[in-house]
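All of these numbers come straight from a predicted model, not from anything done at the bench.
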Amino acid sequence: MAKYVVTSLLALLLLGIGLCSGGRVRRQDDGGDGGDGEDQTVDELCDGRPPDEYFRLTTEGDCRDVVRCTKSGIKQISCPSGLAFDIDKQTCDWKGKVTNCGKLEKPRKILPILKTDEPVCPDGKLSCGNGECIAKELFCNDKPDCKDESDENACTVETDPNRAPDCDTTQCVLPDCFCSADGTRIPGGIEPNQVPQMITITFNGAVNVDNIDLYEELFNGQRQNPNGCQIRGTFFINHKYTNYSAVQDLHRRGHEIGVFSLTHRDEPKYWTDGSYEDWLAEMAGARLIAERFANITDGSVVGIRAPYLRVGGNKQFEMMADQFFVYDASITASLGRVPVWPYTLYFRMPHKCNGNAQNCPSRSHPVWEMVMNELDRRDDPTFDESLPGCHMVDSCSNIQTGEQFGRLLRHNFNRHFNSNRAPLGLHFHASWLKSKKEYKEELIKFIEEMLDRNDVYFVTMLQVIQWMQNPTELTALRDFAEWKEKCDVKGQPYCSLPNPCPLTTRELPGETLRLFTCMECPNNYPWILDPTGDGFSSKK
């Protein structure tokens with residue numbers, strides 16, 4: 001629920017005081033004990049403070065009221081009743097979850113001195129916040145080298161001194177590299193009317209008895225792309241509660257399997273600030289489990305989606321390159337007039353790092369980013385005022401009926417098709433599609449409507465990359481070898497009755513979990529320290 005609270009906050013902002021610049025404000029001491037305060041001018045309070053930062057004037061009261069600096073002075077807002085303002089996360093949240101009501105503001109970090117009129121350090125060195133000079137390559141390496149630790153405090157896509165360079169199309173050449181200044185360029189310089197409109201249907205989460213019937217209905221083997229191949233989807237699976245015999249059959253039928261982590265821990269900061277080892281254990285571990293227990297032996301598990309779309313910065317992408325993951329599908333691009341094409345991260349990402357407290361990669365990495373373009377969720381785009389976009393279909397909170405969902409699908413298809421035909425991503429949690437029968441029916445109607453055309457293809461994430469690496473015009477696409485490769489479904493299901501392995505692990509004491517697989521049962525339930533299930537002795 002908490003992730004929707006930001007929207008609630010923005011929708012329910014209650015305008016309070018509006019102190020003009022130059023006025024005086026009584027502010028409680030930072031001790032937070034409710035003692036004597038001091039009068040400060042608005043200019044003093046706002047000096048050097050980012051305009052989007054909320055802070056408190058006092059720690060007294062019910063923790064709902066905060067202010068921010070604007071050009072016209074200080075503006076106050078209040079969280080809705082029952083919520084409190086989390087000063088660290090900069091959002092309203094349930095009162096019981098907010099532990100920083102005694103704080104007036106976010107802690108200030110000392111920043112390095114990166115821009116000066118005259119050089120203050122010798123060549124190859126940069127200045128820490130305290131004036132100390134250290135080698136440029138020591139900045140943003142996750143290890144403080146300045147005495148004031150300022151070398152690790154300006155490490156965003158825009159500020160990292162060792163950040164990836166801006167796109168250079170003379171150096172970035174297909175099939176290995178693709179970039180453009182604003183992300184909207186079509187690969188291969190093909191005219192828009194000769195570009196296939198690719199649509200990717202993706203699902204996040206466990207594959208099991210709760211959703212297998214939905215996948216069977218959507219991908220029933222009867223719906224074919226214009227090249228005669230069945231439509232395909234991409235499934236980012238997390239481990240717990242996944243039926244690996246069902247995953248094995250999805251893979252046999254040509255769908256793409258990606259990983260959505262092993263533990264899916266419910267702590268966004270765990271992912272945002274995760275170490276290299278964390279990301280290795282979570283994603284390479286999840287792939288190892290999928291390959292072993294879904295018997296995937298062709299090396300095709302090459303895509304990652306981060307839980308809560310909380311990207312793990314350079315550490316995540318360093319791990320991906322080392323482990324030969326081909327792409328990430330977690331970074332969102334804000335709703336714009338023209339959607340963004342996927343790109344490689346050799347060069348700087350061509351759009352803002354979207355989202356609260358996101359940790360986008362700043363360095364150069366040999367990894368593709370299957371960017372999630374936000375959907376326009378307005379019910380009537382010709383009439384409605386602008387609304388923020390939504391990246392997962394189920395986060396389009398205004399969609400309440402099948403009719404609205406149908407309009408969303410067709411409007412966003414037209415937005416992509418009538419501009420640069422960047423792939424249209426429809427990203428779901430299966431539970432949302434199953435929550436109302438009309439949602440599923442509307443999606444099926446949309447798919448069949450699109451398949452009546454000869455210029456729309458429902459493909460996997462990896463098939464999008466294959467097309468981008470070898471851009472091929474619509475007229476030649478029926479024989480496009482990379483898409484024909486998995487055209488025919490081979491063989492029969494591996495087993496009709498999977499092993500229902502009831503297992504435990506020391507890592508999850510007191511839990512017995514069933515691992516459904518056509519393979520042999522392991523000794524223990526696979527988990528983060530023991531992904532094969534063989535590492536702990538089953539005997540005490």
For Glu403, does the CD atom have more than 12 heavy-atom neighbours from other residues, nucleotides or ligands under 6.0 Å away?
no
Evaluate the side-chain contact (heavy atoms from CB on, under 4.5 Å) criterion for residues Met370 and Ile465: first the C-alpha distance (whole Å), next the side-chain angles of each, then the deciding distance (0.1 Å), finally the verdict.
CA-CA 9 Å; Met370 298 302 291; Ile465 293 175; 3.6 Å; yes
If you compare all heavy atoms of Ser180 against all heavy atoms of Thr184, which two are closest, and at what distance to 0.1 Å?
OG-N, 3.4 Å
Close side-chain approach of Arg292 and Ile289, heavy atoms under 4.5 Å
no
Check Pro531 against Gly285 and note the closest heavy-atom contact, atom names and distance.
CB-O, 4.1 Å
Would Cys179 and Cys172 count as a disulfide pair, i.e. SG atoms separated by less than 2.5 Å?
no
I'd like to check Asp142 versus Tyr276 (side-chain heavy atoms, cut-off strictly below 4.5 Å). Are they in contact?
no
Is Leu335 close to Leu375 at the side-chain level, that is, under 4.5 Å between some pair of heavy atoms?
no
Would you call Glu449-Arg410 a salt bridge at under 4.0 Å N-O?
yes
Assign the ring pair Phe235 / Phe203 to parallel, tilted or perpendicular, where the plane angle (0 to 90°) is split at 30° and 60°.
parallel
Just how far is it from atom CD of Gln197 to atom CG of Asn418, taken to the nearest 0.5 Å?
9.0 Å
Side chain Asn220, main chain Gln222, donor-acceptor under 3.5 Å
yes
For Asn524 and Thr504, run side chain to side chain donor-acceptor pair (under 3.5 Å): C-alpha distance rounded to whole Å, both residues' side-chain angles, the deciding distance at 0.1 Å, then the answer.
CA-CA 5 Å; Asn524 308 285; Thr504 59; 5.3 Å; no
Could you grab the distance from atom CD of Glu291 to atom CG of Leu288, nearest 0.5 Å is fine?
7.0 Å
CD1 on Ile201 to NE2 on His255, rounded to 0.5 Å
10.0 Å
Would you please indicate yes or no on a ring centroid separation below 6.0 angstrom for Phe405 and Trp432?
yes
Would you say the side chain of Thr344 lies within less than 4.5 Å of the side chain of Asp176, judging by non-hydrogen atoms?
no
For side chain to side chain donor-acceptor pair (under 3.5 Å), just list the numbers for Gln316 and Asp328, CA-CA rounded to whole Å, side-chain angles, deciding distance to a tenth of an Å, and then say yes or no.
CA-CA 9 Å; Gln316 174 191 335; Asp328 169 75; 2.9 Å; yes
Can you name the closest pair of heavy atoms from Gly205 and Asn238 and give their distance?
CA-OD1, 3.0 Å
Could you check if a side-chain atom of Glu374 sits within less than 4.5 angstrom of a side-chain atom of Cys390, using non-hydrogen atoms only?
no
One should read off an interatomic distance between Ile190 CD1 and Asn420 CG, to the nearest 0.5 angstrom, of 12.5 Å
Could you tell me if Arg514 sits above the aromatic ring of Tyr241, with its cationic atom closer than 6.0 Å to the ring centre and no more than 45 degrees from the axis?
no
Does a side-chain heavy-atom distance below 4.5 Å link Ser364 with Arg163?
no
So which atom in Asn470 and which in Glu482 form the shortest heavy-atom distance, rounded to 0.1 Å?
ND2-OE2, 3.7 Å
Taking the six-membered ring for Trp and the single ring otherwise, decide whether the centroids of Tyr457 and Trp483 are under 6.0 Å apart.
yes
On the six-membered ring of Tyr215, is Arg253 placed so that its NZ or CZ lies under 6.0 angstrom from the centre and within 45° of the ring axis?
no
Would you call the rings of Phe236 and Tyr327 parallel, tilted or perpendicular, where under 30° means parallel and over 60° means perpendicular?
perpendicular
Distance-only polar pair, side chains of His391 and Asn373, donor-acceptor under 3.5 Å
no
Could you pull out the closest heavy-atom pair between Met349 and Pro361, with the gap in Å?
SD-O, 4.3 Å
Within a radius of less than 6.0 Å around CD of Glu485, do more than 12 heavy atoms belonging to other residues, nucleotides or ligands occur?
no
Check this for me, if you would: do Glu448 and Arg223 make a salt bridge, where the nitrogen-to-carboxylate-oxygen distance has to be below 4.0 angstrom?
yes
How long is the gap from CG on Asn499 to CE on Met519, to the nearest 0.5 Å?
9.0 Å
NZ/Lys269: more than 12 non-hydrogen atoms of other groups inside 6.0 Å:
no
Assess Arg421 against Phe417: is NZ or CZ under 6.0 Å from the centre of the six-membered ring, and within 45 degrees of the ring's axis?
yes
Flag the pair Arg337 / Arg415 as yes when at least one side-chain heavy-atom distance between them is below 4.5 Å, and no otherwise.
no
Roughly how far apart are Asn204 CG and Tyr308 OH, rounded to 0.5 Å?
11.5 Å
Between Tyr244 and His239: side-chain donor-acceptor atoms closer than 3.5 Å
yes
Could you check whether the rings of Phe178 and Trp368 sit parallel, tilted or perpendicular, using 30° and 60° as the cut-offs?
parallel
Cation-pi between Arg305 and Phe260: NZ/CZ under 6.0 Å from ring centre and within 45° of the ring axis?
no
Sub-4.5 Å side-chain heavy-atom contact between Arg185 and Thr169
yes
If you compare all heavy atoms of Gln358 against all heavy atoms of Leu309, which two are closest, and at what distance to 0.1 Å?
NE2-O, 2.6 Å
